[in-house]
Amino acid sequence: MLDSVSLEVMSGELVCLLGANGAGKSTLMRTIAGLVKPSGGTIILDCEDITGLKAERIVRRGVALCPENRHLFPRLPVKKNLSLGAYAKHFNVKVMEECYDFAYELFPVLRERGEQLAGTLSGGEQQMLAIARALMSKPQLLLLDEPSLGLAPLVVESIREKIVQIVAAGTTVLLSEQNAGIALSISSRGYVMESGRVVLEGDSESLGSDPEVKKAYLGI
Amino acid sequence: MTAENLRKYGVFIAALAVACFLPYIGISKFMLNVIIYAGIFSIATMSLNIIMGYTGQVSLAQGAFYGIGAYGLAILTNKAGLNFWMAMLLACLITAFVGLLIGLLAFRTKGPYFIIVTLCFNFIVYVVIKNWDWLSGGVRGQKITGPELFAGREARYYLVLGFVLLTLFIMWRISRSLEGLGFMAVRDNEPLADALGINITYTKIVAFMISCFLAGLAGCLGALHTGYLSPTSAHYLLSFNFIIYLLVGGAGTLYGPIVGTFTVYLALEFMKGIGEYRFMIFGIILILVVIYFPRGIVGGLKSLWKKVAGSRQAEEGA
Amino acid sequence: MLLKIESLTKRFGGLVAVDGIDMKVEAGSIVGIVGPNGAGKTTLFNLMSGQLKPTSGRITFEGVDITGSKPFRIARLGMGRTFQNTSLFDRLPLKINMAIARRMRTQSGFFDSLVPLREREEEADVARRAGEALEFVGLAGSAESIAGSLPQIAKKRLAVGMALVGEPKLVLLDEPTGGVGAGDISGMIELICQIKDRGVAVCVIEHKMRMVMGLSDRIVVLNFGRKIACGTPEEVSGDPEVIKAYLGSGYSA
Amino acid sequence: MSYFFQQLVNGIMLGSVYSLVALGLTLIFGILGVAHFAHGHFYMLGAFLVFFLSVSFGVPYWAALVIAVAVFCLVGVGIEFVYRPVRDKSDINAFIVAIGMLLVIEEAVRAVWGTGNRRITNPYPQVLKFAGITLELQRLIVIGAAIVLIVLLHLFIKRTRMGSAIEAVAQDREGAALVGISVNRVSILTFSVATGLAAAAAALAAPLAFIAPDMANTLVLKAFVIIVLGGLGSIKGAILGGYLLGVMEALAIAYISPAYKDVWAFAALILILAIKPNGLFGGRD
Amino acid sequence: SCGDTGPKEVVIGLTAPLSGGGAQYGTDCQRGIEMAIEDINKDGGVKIGDDSYDVKLSSLDDRAEPEQGVSNATRLATDDGAKIIFCPVATVIFPLLDINEKKDEEFLILAYTSIEMVTDEGNELIVMPPPPFTVYTKLFTKLAMQQGWTRMAMVQTTGAYGDAWAKGMGLAWQTAGGTITDHARADYYTETDFVPFLNKALASSPDVLLIGGPSQPTALVVEQAKSLGFEGGFIVMDQAKIDGMAGQIGMDKMENCIGVAPVEAPFPATPVFAERYKKKYNEQVTWESAINYTAMILLKDAMESAKSVEDPMAIRKAVPGVLPMSGDEFPVTLDGIENKGLMHMPSAITMVKNGEYTLSSDLIYWWKEKD
Ligand SMILES: Nc1ncnc2c1ncn2[C@@H]1O[C@H](COP(=O)(O)OP(=O)(O)OP(=O)(O)O)[C@@H](O)[C@H]1O
Ligand SMILES: Nc1ncnc2c1ncn2[C@@H]1O[C@H](COP(=O)(O)OP(=O)(O)OP(=O)(O)O)[C@@H](O)[C@H]1O
Ligand SMILES: [Mg+2]
Ligand SMILES: [Mg+2]
């Protein structure tokens, strides 16, 4: 699926990943998170080789993925889903409270829905929960796979702001988006993928103004 | 295209040719006996394939329906004095009818719940047959006398062969008919099938009734061939056997049930010489088969064939 | 009037997901349904197509009361739908997916499959219809591919095709462009217009406002299960309550 | 009336054993989704171990019980490894592996220890009599010990990180991995706890009855019935279902017909499921 | 067969439960036949004219399932050419009766069961050595009544055997003026705890309990009944053996049990056999081994007398001529045979009193008392 992809994300950076359906964005993210084993190549995190490590170990090293299919725990309540988000980190009660507050501030609905089973949430609510769960472990590197999927315009707007805040607070973010406009507007750099390969890279502004990118991926 | 057809039908025609002359190619009477049983059980396994392989509802009650068919036949001939063939048809219809009643109850549940409901039903049928002496003859069982024509083993062999082919035909027709589409839809995605206008409960019940009818048929043939009937003919371990046969052969495939039944049943029969340890060896083989051929022998061969054909095509293309 | 909904309500425990909604869909029109996440849009669809039973209220389709009917009955009456999380027969080829979707318009039962007289004709008809539908949604080239292996956009198109092949009078599309790349959205819009051209009414849930505004004859806006606005795209987009609850002040049509 | 109470106590005793076995199974089947039909056979092996420890080597009863539980917690780890290749496949493949496993175990036990029934001397043969009821002390001990174990397990599942990890793994393996839960470790732990519970049940009930290679065949069926009756994955359901079945059985023997005792219980199950298709405390659909 | 120098062979078949719950029972039968065959072969085999045949046993497991039994018997008769097939399970014998008279595949059934009905079907190729259970019902009743017991509760094993027993016993008991206070059926093969059943039976305050199935569970029933405070007697069906039960729970707990006498008691030659058996298998001898041993020797004599190892009908017809077999020489006495195949084997009953077997040496020639 992936064909010798190389990409770099600097600490504290927000990098976006663009490409049409089936370009390999999700596969790349899943590979970094350890859900898919690469057939070749290496993945380096903080100067350490994490290639081939199991997903649960990678999380403990501070990489959190908000996956495309959400992978929530449908028969557990919202709050339990959130608390499991911090499973790898053994936070004490106080830190946990902070994390909950952060998540609820980002998505106030989740507080109201605390006891509802995740599987019965509306599509957008589930997406919010997936993002919030990924944030619960206070990751060093956050992989967001199409966070705006199924979200109302207002919520998309607030997520966009929150991502900027998160990055400002020191978290590194790799963002994959269909909605290239939003992605390019907040990221510093971007990669464009096609059939499993990186075909273009550059800073967001130049990508955003590249007519070919515009035509092929921005739908403009 | 002809090569494709040859692959598709060649094996079948060859097997059929062998089957037609089997009793006269010098196999022992014992061998023939074992093959007749394997044929009968493969009808039951095919019946399971219809409900489990094609419709996705794992039924652990096939043993019960096998038994109901067999006892139906016995009671109708011995107690009611009916003509054998009439009794056989009626017994299968009764089995299908019981299937309808159980289906109406059991299909309110799904997945593992359905499995357990059917298992419980089988258990109940077994205990009732075992204890209801007046009707079933209890533990002592009862005798069944078939028509004079089928007194000989060879004749029974051809009778069973005929019914195996009939069942295979039914399964083949279902797998490529509009009705079969409904079965597949229910198996793969119930909510979607529902939204696409397919009456799920009705579909399941139709599949279940066909399946029960055929399981009953297998039971009748089993009773006829053994000439004698006991409560073991309705034991839930029979259901387990059918599931093992089906999964070893390949659920949801056309030839899987037959291949699985013959492989497992014959292997166990030949392993009798080993005595005590045969079930240990069989158990280990079973685990290995399921791990390495999760889609059964036929399923495994199919994907192997695809790989071979795929690489050949790639070569040709290059 | 094709579809008429009267004071429809659905409760989940204490939560009122759909709250006394009145709504109409005219034959051959496109109705957009928008609203914030959790507003009750999907629930409304589920009530219309029978996946959920309403707590109270009435739904009539072509004058027939379908309140509380089973999904398959409603589908047979002529209402097709797609799901928010695209739902297909993932392990089967596209043409079989289509054939299954056409199954409800055929009569052949088990005995017909044994003696295929009527079945022959129907099978041919099903194959033809399936081919046409695949053609219509632009997937004729991949009739033999397995549905699960398709890219997102093709899955969405297939789902739409399956909703249509049963010749419905109304289709409900739940986020037909969710997860679809920006480059492919226009194609989907075109497809929806073609559906309308065939005289089939469409209800569409979408968060992509520009798309909904462009497509819909009428728009219904939901919030907290209640209908807060209803009208032409222009009317709705100017409504201050809609802007506050859903669009945000940054929105401009 | 005293007869009624006597049967009631018997039912509760039976129910205690059922609950312990069903609890393990509900973790494995209800939560992990592995149709572990060989569970009863580990119960049987547990009883054999206690037999050998206490009868052949003279280990005191309670020590034998503790050793058996410890050994079988380890055995559980081994079981997990057998299931691992089919764990993510359909339930029914695991079911076949289970059948294979139980055939091997049963045959191996026969080969090693013969087919005869064996008995453990009852460590507490005292008989209590009051208000016209006669009770063996060991029966009360089974009830008491089972309740302690059940409460401990309940606390473990509901109050610990590991408990929620088990539930998470059950519902979405990939999701669990993504939040840092080791699916393998949770799965091993589940099998370990469940098998240990089965051994505990066996050790408790063994002195009251026979030990034989096929002693657990109907037991495992009943355990499946119980967890389905209670609702898959529901701990509460497994406990109540176990006691319900035990009491129903004892009373059916007393007041209806002993020959059909299992029939009434199983028929009741079919009816309950027809009315509540997801069991009494239904979790998974 | 001219120029054939190797020793000739005659195959004896056995289909029996060799795995599963009845394995012990099946194995005991098998061992009796095995020992007999060893003795026969040591003695030069079956001698017919100048020929001598080595005897070979071919055993197949049927798990006591009729279908399996039929398949086994067919295989033994057709593949191995067995003309004599031993079978110790009534439910398997019944279907064998339907296939053993088929032309060219005939075989003689050696039926080890006490269900006399197997000989009632008019089959000409069956021999049934053990005494029919009906022998015991009257004797047990008389003995129990002598103890002053009049109220009997039954906790019988399920199945044809138990049902027939309970029915016969009930009739005898009531004819003698006793009352039946309760009747329960428990599956002795699968049940592991009988307290619930006993509670029900004891609630009717009986003087004596009718029990019985395989020896082991029956012993457990006795023990559990005593632990529930029952102080009356037990009538034990013939499948359970008093000595086998005593081996389980100790002689002191067997007080007041009425049943079949221990295998070593009645016949003079039995203790010798028991010793050989113990030496060979390191286990206590059972009736199963003793009777099947004797039956095998009997069949050897019959083959020699019929001058055929091939013709089951001739062998069957030769049986009366080689009888009686005396308990002075063989583990059991076989006195005669009725036309339908039922053999005359004297038996003995016992009652445990003060830790001793009483009455156990009094042989009962039941057929002489038949009306
Ligand atoms: N498990 C798999 N087996 C086979 N093919 C796969 C698998 N997973 C992904 N693919 C294929 O790999 C390609 C890349 O998929 P990927 O999901 O990474 O794309 P994407 O860029 O994230 O697309 P989208 O925008 O649809 O999410 C696709 O063509 C897909 O069909
Ligand atoms: N089975 C249920 N049990 C409890 N609450 C439910 C259930 N189904 C839906 N809800 C709640 O009802 C509300 C409406 O959900 P619905 O799925 O209709 O929203 P929606 O408008 O489709 O949102 P989205 O745009 O996010 O898909 C949500 O708050 C949801 O959490
Ligand atoms: Mg993706
Ligand atoms: Mg929705």
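By convention in this document, chain letters (A, B, ...) are assigned in the order of the sequence lines, proteins followed by strands, and residues within each chain are numbered from 1.
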In terms of heavy-atom pairs under 4.5 Å with chain D, the winner among B:Val127, B:Leu105, B:Leu247 is B:Leu247

Is there a ring-ring contact (aromatic ring centres under 6.0 Å, His included) between B:Phe262 and B:Phe41? Walk through the geometry before answering.
CA-CA 9 Å; B:Phe262 274 81; B:Phe41 288 141; over 10 Å; no

Does atom CZ (D:Arg173) have a neighbourhood of more than 12 heavy atoms from anything else shown, all under 6.0 Å?
yes

Tell me, for D:Leu102 versus chain B, whether the close heavy atoms (under 4.5 Å) come from the side chain, the backbone, both or neither.
neither

Please look at D:Leu273 and chain B and tell me whether the side chain, the backbone, both or neither of the residue comes under 4.5 angstrom of a heavy atom of that chain.
both

Restricting to non-hydrogen atoms, name the atom on [X] and the atom on [Y] that form the minimum distance, rounded to 0.1 Å.
{"X": "B:Phe65", "Y": "B:Ala215", "result": "CB-CB, 3.9 Å"}
{"X": "B:Ile210", "Y": "B:Phe183", "result": "CD1-CZ, 4.2 Å"}
{"X": "B:Ala38", "Y": "B:Leu266", "result": "CB-CD1, 3.9 Å"}
{"X": "D:Ile226", "Y": "D:Ala22", "result": "CG2-CB, 3.7 Å"}
{"X": "B:Leu100", "Y": "B:Ile205", "result": "CD1-CG2, 3.6 Å"}
{"X": "B:Thr253", "Y": "B:Met171", "result": "O-CE, 4.1 Å"}

Kindly state whether the ring of D:His36 and the ring of D:Phe191 have centres lying under 6.0 angstrom apart.
yes

Using the benzene-type ring in the case of Trp, are the ring centres of B:Phe107 and B:Phe114 under 6.0 Å apart?
yes

OH of B:Tyr245 to CE of B:Met46: how many Å apart, nearest 0.5 Å?
13.5 Å

Straight-line distance of D:Leu74 CG to D:Ser192 OG, nearest 0.5 Å:
7.0 Å

Can you name the residues of residues 77-87 of chain D that have some heavy atom under 4.5 Å away from a heavy atom in chain B?
D:Val82, D:Pro85, D:Val86

Taking non-hydrogen atoms and a cut-off under 4.5 angstrom, which of residues 38-46 of chain D neighbour chain B?
none

Between the main-chain N or O of D:Gly15 and the side-chain N or O of D:Ser19, is there a donor-acceptor pair closer than 3.5 Å?
yes

Under a 3.5 Å distance rule, please check whether B:Arg187 uses its side chain to pair with a backbone N or O of B:Gly53 as donor and acceptor.
yes

Counting a contact as any heavy-atom pair under 4.5 Å apart, which residues of residues 233-240 of chain B contact chain D?
B:Tyr236, B:Phe240

Which portion of [X] sits near chain D, non-hydrogen atoms under 4.5 angstrom:
{"X": "B:Ile284", "value": "both"}
{"X": "B:Val289", "value": "neither"}
{"X": "B:Val117", "value": "both"}
{"X": "B:Ile285", "value": "neither"}

Any heavy-atom pair between the side chains of D:Leu197 and D:Val21 that's under 4.5 Å?
no

Salt-bridge present (D:Glu107, B:Arg278; N to O < 4.0 Å):
no

Ranked by heavy-atom pairs below 4.5 Å to chain B, first place among D:Val225, D:Asn217, D:Ile270, D:Leu229 goes to D:Ile270

What option among D:Asn93, D:Ile99, D:Ile105 has the most heavy-atom pairs under 4.5 Å with chain B?
D:Asn93

So, using side-chain hydrogen bond (donor to acceptor under 3.5 Å, both in side chains) as the criterion, who are the partners of B:Ser47 when residues are at least two apart?
B:Gln62

